[in-house]
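It should be emphasised that the depicted structure is a prediction, and the values quoted were computed from it without experimental measurement. Indexing begins at 1, ligand by ligand and atom by atom, following the structure's order.
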Amino acid sequence: MKEILEKLEARRAKARLGGGEARIAAQHKRGKLTARERLALLLDRDSFEEFDMFVEHRCTEFGMDKQPKIPGDGVVTGWGTVNGRTVFVFAKDFTVFGGSLSETHAIKITKIQDMAMKARAPIIGLFDAGGARIQEGVAALGGYGDVFKRNVLASGVIPQISVIMGPCAGGDVYSPAMTDFIFMVRDTSYMFVTGPDVVKTVTNEVVTAEELGGALVHTTKSAVADGAYDNDVECLLQMRRLIDFLPSNCTSGVPEWPSFDDVEREDESLDTLVPDNPNKPYDIKELILKVADEGDFFEISETFARNIVVGFGRIGGRTVGFVANQPMVLAGVLDADASRKAARFVRFCDAFNIPIVTFVDVPGFLPGTAQEYGGLIKHGAKLLFAYSQATVPLVTVITRKAFGGAYDVMASKHVGGDVNYAWPTAQIAVMGAKGAVEIIFRQDIGDPQKIAARTREYEERFLSPFVAAERGYIDEVIMPRTTRRRIARALAMLRNKTVELPPRKHDNLPL
Ligand code: HXC
């Protein structure tokens with residue numbers, strides 16, 4: 001018996017070595033951890049339950065039958081817990097055929113996807129892999145197809161998170177692209193459909209891996225990734241933090257953590273957050289941090305479209321999604337990128353029943369050919385559509401400007417806002433005073449005195465929250481210092497919000 005047990009241990013030890021000591025050392029030399037080391041950091045201590053550690057590939061082409069087989073076949077799969085909550089995981093092992101996906105490797109992943117769906121728990125993929133295993137041809141492509149299909153079936157049912165921790169190509173970027181969030185590690189991870197060598201062959205373009213698909217590119221230009229971290233350890237610890245904010249599935253409701261931050265807490269400094277000069281910026285993140293429990297805010301897509309801020313926080317221990325125009329960047333204007341970024345976030349929150357708190361200070365949509373040619377109409381419509389179809393509690397606070405169509409879009413009463421507050425500094429109008437007067441009193445433009453009088457008149461009448469409040473579009477004008485308490489109370493009141501939507505197959509979001 002002892003001998004049998006020892007044999008098991010020996011087989012396990014061999015499987016745990018993946019591609020062997022030399023390749024593990026090479027992985028470390030590149031500043032990367034191995035698949036198992038990563039899982040140990042991501043999951044609670046000793047909580048990992050591994051599946052299919054002895055699975056081997058079945059390929060006989062290209063001399064694959066002559067090579068020694070490596071148990072596990074390039075991916076470590078199983079489940080564990082993050083702060084006690086179940087998550088399913090798979091981690092690509094770059095030391096085995098560059099983490100590439102074979103038929104059996106795909107079967108291991110789809111087994112975990114199916115289990116995550118049955119158990120209705122989040123799934124996290126750690127990617128460090130070169131796509132389809134070239135030697136396997138269509139068997140590998142078929143395997144990817146099976147993974148992709150499950151990504152889509154799981155979308156909106158369980159959270160799916162992809163962490164890019166090495167050079168990733170082909171299917172190892174397409175599967176992440178269909179999940180909810182993608183995070184990368186700076187300097188060691190890349191994402192491209194085809195790598196620099198193929199790019200050179202096909203287009204003659206010479207480009208480095210970093211320039212083609214590094215973390216900087218994907219978090220600032222393409223918006224493919226939602227965030228980046230300096231190394232594997234920091235990245236995985238931040239993923240643990242993110243998981244703490246997310247519901248396990250679309251019906252579980254948000255997790256509830258003990259909070260030591262009184263929901264009644266008032267913050268006097270908010271009374272002076274908005275500067276007297278309406279053209280002077282201020283940092284909307286200060287408001288988010290002062291409203292959220294313990295100032296804990298997990299920002300999504302921090303470095304892309306910085307004119308809008310989105311991310312998770314908690315109020316009264318329960319997760320909320322914050323969406324806020326950022327006056328510090330482009331005066332908080334809505335452009336195509338900001339609209340797309342916020343729309344995706346709003347849809348995630350709605351899919352997983354996370355209430356949304358919106359802070360509004362927006363001078364409108366960004367005018368100009370660059371925006372119009374870039375499809376601002378369609379991208380802006382995405383955000384309008386996302387808010388309009390949301391059935392989660394929507395609490396909105398207008399801090400300053402809410403001009404034009406952007407007023408409607410930003411979770412106004414008209415598109416479904418449940419509780420809409422304004423600070424006394426709010427200005428709710430079709431546009432700012434200067435633009436408005438120059439259009440409606442064009443005949444007076446040559447007379448500065450008349451224009452000044454008209455501008456004053458417009459400012460007094462329209463640049464306040466009261467015209468909207470008189471119509472009931474704003475439920476109440478609140479003292480800025482009480483914002484946290486007012487939002488907390490509104491969210492508590494809305495906890496059992498129920499909305500009936502007309503029956504349909506699905507909507508047709510402007511893509
Ligand atoms: C088989 C692979 C492999 C692959 C890497 N390896 N990718 N083996 N199939 N797809 C092997 C290498 O041969 C090498 O083995 C080891 O993994 C490490 O790879 P290196 O090239 O030495 O590492 P590095 O220089 O860091 O480059 C990593 C890489 C590069 C950028 C991922 O390997 C690469 O470009 N691979 C091919 C990517 C690709 O085109 N994949 C197919 C995509 S199509 P040895 O034994 O020499 O150490 C696809 C279809 C899906 O995925 C459908 C999408 C819709």
Side-chain angles (χ1 to χ4, degrees), residues 17-35 56-70 72-75 90-107 109-110 125-152 162-179 182 184-203 205-215 217-218 224 232:
L17 271 183
E21 307 270 13
R23 286 178 192 271
I24 291 175
Q27 181 84 346
H28 287 160
K29 211 167 157 209
R30 289 193 183 108
K32 301 193 293 179
L33 297 175
T34 64
E56 294 175 346
H57 72 75
R58 298 167 195 156
C59 181
T60 53
E61 312 277 353
F62 294 103
M64 290 289 275
D65 49 343
K66 311 268 171 345
Q67 292 191 29
K69 290 197 172 165
I70 299 174
D73 203 22
V75 64
F90 61 90
K92 303 274 184 155
D93 184 350
F94 193 77
T95 67
V96 181
F97 301 111
S100 58
L101 179 135
S102 67
E103 184 186 9
T104 45
H105 175 130
I107 292 170
I109 295 178
T110 54
L126 309 183
F127 290 82
D128 187 356
R133 189 161 311 157
I134 295 163
Q135 297 88 333
E136 293 214 3
V138 73
L141 294 183
Y144 265 125
D146 295 337
V147 173
F148 298 155
K149 180 76 179 169
R150 283 167 175 79
N151 282 138
V152 175
S162 303
V163 193
I164 311 297
M165 311 190 82
C168 292
D172 284 309
V173 297
Y174 268 112
S175 173
M178 284 191 294
T179 62
I182 298 179
M184 296 181 75
V185 180
R186 292 190 190 98
D187 303 325
T188 50
S189 78
Y190 312 100
M191 296 180 79
F192 24 70
V193 177
T194 49
D197 296 343
V198 180
V199 171
K200 182 158 187 298
T201 311
V202 177
T203 68
E205 192 184 359
V206 179
V207 66
T208 64
E210 184 63 38
E211 288 163 350
L212 187 62
V217 167
H218 286 312
V224 164
D232 284 15

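- Residues forming a side-chain hydrogen bond (donor to acceptor under 3.5 Å, both in side chains) with Tyr144 (at least two apart in sequence, or on another chain): Asp172.
- Less than 4.0 angstrom separates atom 12 (C) of ligand 1 from none of the non-hydrogen atoms of the protein.
- For the 3.5 Å distance criterion, the side chains of Asp73 and Thr104 qualify, holding a donor opposite an acceptor.
- Here the heavy atom of the protein found nearest to atom 50 (C) of ligand 1 is Leu141 CD2, 3.5 Å.
- When non-hydrogen atoms are compared, ligand 1 lies under 4.0 Å from the backbone of Ala132 as well as from its side chain.
- In summary, the atoms of ligand 1 found under 4.0 Å from a heavy atom of Gly131, numbered by their order in the structure, are 52 (O).
- By the definition of a contact as any protein heavy atom under 4.0 Å away, atom 46 (O) of ligand 1 is in contact.
- In terms of protein heavy atoms, atom 29 (C) of ligand 1 is closest to Pro167 CB, 4.3 Å.
- Considering only non-hydrogen protein atoms, atom 22 (O) of ligand 1 sits nearest to Arg30 NH2, 4.9 Å.
- By the criterion of a heavy-atom distance under 4.0 Å, neither the backbone nor the side chain of Asp197 is placed next to ligand 1.
- Considering Gln135, Gln67, Lys32 only, the shortest heavy-atom separation from atom 1 (C) of ligand 1 involves Gln135.
- Proximity annotation for atom 7 (N) of ligand 1: of Ala169, Gly74, Gly130, Gly130 comes nearest, heavy atoms only.
- At least one heavy atom of Phe94 sits under 4.0 Å from some atom of ligand 1.
- Contact detail for Phe192 and Pro196: the closest heavy-atom pair is CZ-CD, 3.9 Å.
- For ligand 1, the atoms lying closer than 4.0 Å to a non-hydrogen atom of Arg23 are 45 (P), 46 (O), 48 (O).
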